[in-house]
Amino acid sequence: MRISVIGCGYLGAVHAAAMASLGHEVIGIDVDPGKVATLSAGTAPFFEPGLEDLLRAGIESGRLRFTTDIAEAAGADVHFIAVGTPSQRDGDAADLTYVDAAIAALLPHLAPGQVVAGKSTVPVGTAARLAASVHATGATLVWNPEFLREGWAVKDTLEPDRLVVGVPDGEAGAAAADTLREVFRAAVDAGIPFLVTDYATSELVKVAANAFLATKISFINAMAEIAEVTGADVTQLSDAIGYDGRIGRRYLGSGIGFGGGCLPKDIRAFAARAEELGRAESVSFLREVDAINLRRRDRAVQLVTEALGGAVFDRRITVLGAAFKPHSDDVRDSPALDVAVRLHGLGAQVTVTDPEAIPNARRLHPQLTYIDDRDDALTGAEAVVLVTEWDQYRRELDPVHAGSLVRDRVVVDGRNAWDAAQWRAAGWTYYGMGRP
Ligand code: UDX
């Protein structure tokens, strides 16, 4: 099929490359000429495992191209809208400027029978608002939320847990659902659930899923707060409750909490939308989820302060990680970087290292010291703080070796990623989050 993907950021670039890998003919469109040039050269503009291979294969096959010219979308069977929906500058609600602009730019190039498939995460009610303008061209608007995780984006796009398509009532909606079924034929044939819903449900599926995940993380971090005053170990608690099949161990990782370009902004936008709908109380717990999450960053700073005997001023602290999670170079709303910035703000001499995220972190916070090499970064530290659980730190950093580099063997494990006993055995004073 012929496919256009409008917006080539974390979501769109992966989606375009993945669609080409399925055999579709794909044109990726973005307003940023720099991004288009990078992608056209077969280079990923951000770190995402597997993306570059897919880009190169697509470009070499001739099935994948990138352009800044929206007119090249003309003739595509399906137009995916994959632009960002950041928070509004003066509040929590989603800023729909880019979605509205993408649809407006696309309208003159639409033709009857085509499908416009929104992938961006939007407040419930957005598709219904945009439908009339799309339907006036004879094309059909559907909403097809994306659930990909950064770091696993290629796999999540090609083998999602489920596909959801929100369609309008009537024949055009049913036909559009069939068109999307055809686009995702490989996944559908592999037995991946394909759910056809109305617009509102499809929009809610995405925000509800993210709200649930954020709540799960904050739940265990709230338990960590209780563990801290009772002497319990939250990691054992996660294991023990996680064995209950109804609860499950995934997303019960405690520590400095969630960040990134999705969960924080999406739960805030959801709360803002619920308020507009007169149902603020229905999701008021999301404000608490947000507050618990942010408190864990304060707690990490407090632990480092305690670990250093009450003050961090002028002390040498090495922060392992800047990305909001491993396998990503994304530092948007990164709890890891936030902890580093706060320590720096208190006068500490902070050195940050990260396998992938240093360029992005430096752009945002040039005031911090960055060192690429992990061991160089550790050398002479008076305290080490683990904030992004990259394998290079979690699995591959030997406490005995690390101990030979630092000045003082003091470690704060902000992700509860290490075996405390192993670090203690190597002579370290180990502090976890919600662990004795
Ligand atoms: C998330 C959703 O998983 C995805 O379905 C949605 O489409 C976009 O938002 P992503 O932001 O890529 O994806 O990251 P995810 O892997 O979900 O992690 C989010 C944050 O939660 C990270 O900062 C991570 O470190 C943190 N996290 C995750 C925890 O603190 N504990 C956990 O147990 C899991």
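Order of appearance sets the numbers: ligands from 1, and atoms from 1 within every ligand. In this chain, numbering begins with 1 at the start of the sequence shown.
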**OP:** Decide yes or no for T197 and V165: does some side-chain heavy atom of the first lie under 4.5 Å from some side-chain heavy atom of the second?
**Re:** no

Subject >> Parallel, tilted or perpendicular: rings of W428 and W423 (30°, 60°) >> reply: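 W423 vs W428 ring planes: perpendicular.
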
What protein heavy atom lies closest to [atom]? Include the residue and the distance to one decimal.
atom: atom 27 (N) of ligand 1; result: I217 CD1, 3.5 Å
atom: atom 2 (C) of ligand 1; result: N210 OD1, 3.7 Å
atom: atom 19 (C) of ligand 1; result: L263 CD1, 3.8 Å
atom: atom 13 (O) of ligand 1; result: R149 CA, 3.8 Å

Quick test of your reading of the structure: of [options], whose heavy atom lies closest to [atom]?
atom: atom 31 (N) of ligand 1; options: G253, S218, G257; value: G253
atom: atom 12 (O) of ligand 1; options: E389, R415, R250, E150; value: E150
atom: atom 10 (P) of ligand 1; options: K216, K325, K265, R249; value: K325
atom: atom 34 (C) of ligand 1; options: F324, Y251, F258; value: Y251

Tell me the closest heavy-atom pair linking [X] and [Y], and the distance in Å.
X: W143; Y: A127; value: CE3-CB, 3.7 Å
X: T68; Y: P33; value: CG2-CA, 3.8 Å
X: A322; Y: A336; value: O-CB, 3.8 Å
X: E203; Y: T126; value: OE2-N, 3.2 Å

Original post:
Is it true that E48 and R149 make a salt bridge, defined as a side-chain N closer than 4.0 Å to a carboxylate O?
Top reply: no

**OP:** Decide, yes or no, whether a salt bridge links E228 with R296 under the criterion of side-chain N to carboxylate O below 4.0 Å.
**Re:**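 The answer is yes: the pair qualifies as a salt bridge.
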
Original post:
For I81 and I103, what are the C-alpha separation, side-chain angles and deciding distance, and is it a side-chain contact (heavy atoms from CB on, under 4.5 Å)?
Top reply: CA-CA 8 Å; I81 307 293; I103 297 275; 4.1 Å; yes

Which of the ligand 1 atoms, numbered from 1, are nearer than 4.0 Å to a heavy atom of [X]:
X: C262; answer: 8 (C), 9 (O)
X: L252; answer: 33 (O)
X: E146; answer: 7 (O)

For [X], is at least one N or O under 3.5 Å away from an N or O on ligand 1?
X: F147; answer: yes
X: G260; answer: no
X: L213; answer: no

